[in-house]
Visitor: 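Here you go, one structure.
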Amino acid sequence: MALNTAMFELYGDAAQIFKKNILSKHPVILGLFSGAGGRFILYRAGPGPRSRGAQVPIDYQLMKSVGHSTMALTEVVGPHLDNSADQTWRASDAGLPRPP
């Protein structure tokens, strides 16, 4: 148990060294995605300030929502297309009549 606990500290130390080594030689773009488009941060190689990307416009967010909704619908309904008797994909509280 003590070794297991100590490993977390070693992992944390190793991660900091790895981060320092990577960022000293290579630029890194960190993408933090969200429903609002997310944020992008550029870490330049070597010391220096980070650059943050501008927030994406609302039009982009709306178009992205339409695209994701289409993909989600395919994922939900697709497995049931070969079995029309299987109506488990439909919400029980949708207020729609069930087929006979």
Visitor: Does any part of the side chain of R50, heavy atoms only, come nearer than 4.5 Å to the side chain of L42, both counted from C-beta?
Guide: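 Contact flag for L42/R50 side chains = no.
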
Visitor: Using the ring-ring contact (aromatic ring centres under 6.0 Å, His included) rule, collect all pairs that involve residues 24-45, keeping only residues at least two apart or in two chains.
Guide: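 Qualifying pairs: F33-F40.
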
Visitor: For R52 versus I41, what's the shortest heavy-atom pair and its separation?
Guide: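 Closest approach of R52 to I41, heavy atoms only: NH1-CD1, 3.2 Å.
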
Visitor: Can you hop from V66 to M71 via hydrophobic side chains spaced under 4.5 Å?
Guide: no

Visitor: At what distance, to the nearest 0.5 angstrom, does OG of S51 lie from CD1 of I29?
Guide: 10.0 Å

Visitor: Please indicate whether L32 has more than 12 foreign heavy atoms, meaning atoms of other residues, nucleotides or ligands, lying under 6.0 Å from its CG.
Guide: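 Counting other residues, nucleotides and ligands, CG of L32 exceeds 12 neighbours.
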
Visitor: Side-chain heavy atoms nearer than 4.5 Å, only ILVMFWY residues, links allowed to pass through others: does that put L30 and I22 together?
Guide: yes

Visitor: Indicate, with yes or no, if L10 and L3 share a hydrophobic cluster defined by side-chain heavy-atom contacts under 4.5 Å among Ile, Leu, Val, Met, Phe, Trp and Tyr.
Guide: yes

Visitor: Enter the distance from E75:CD to L73:CG here, rounded to the nearest 0.5 Å.
Guide: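 Going from the CD atom of E75 to the CG atom of L73 covers 10.0 Å.
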
Visitor: Of the non-hydrogen atoms in Q55 and G38, which two are nearest, and what is the gap between them?
Guide: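 In this case the closest contact between Q55 and G38 is OE1-O, 4.1 Å.
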
Visitor: Using every non-hydrogen atom in the two residues, find where S34 and K64 come nearest and quote the distance to one decimal.
Guide: O-NZ, 3.1 Å

Visitor: Atom CG of D13 and atom CZ of F8: how far apart are they, to the nearest 0.5 Å?
Guide: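 It is 13.5 Å, given to the nearest 0.5 Å.
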
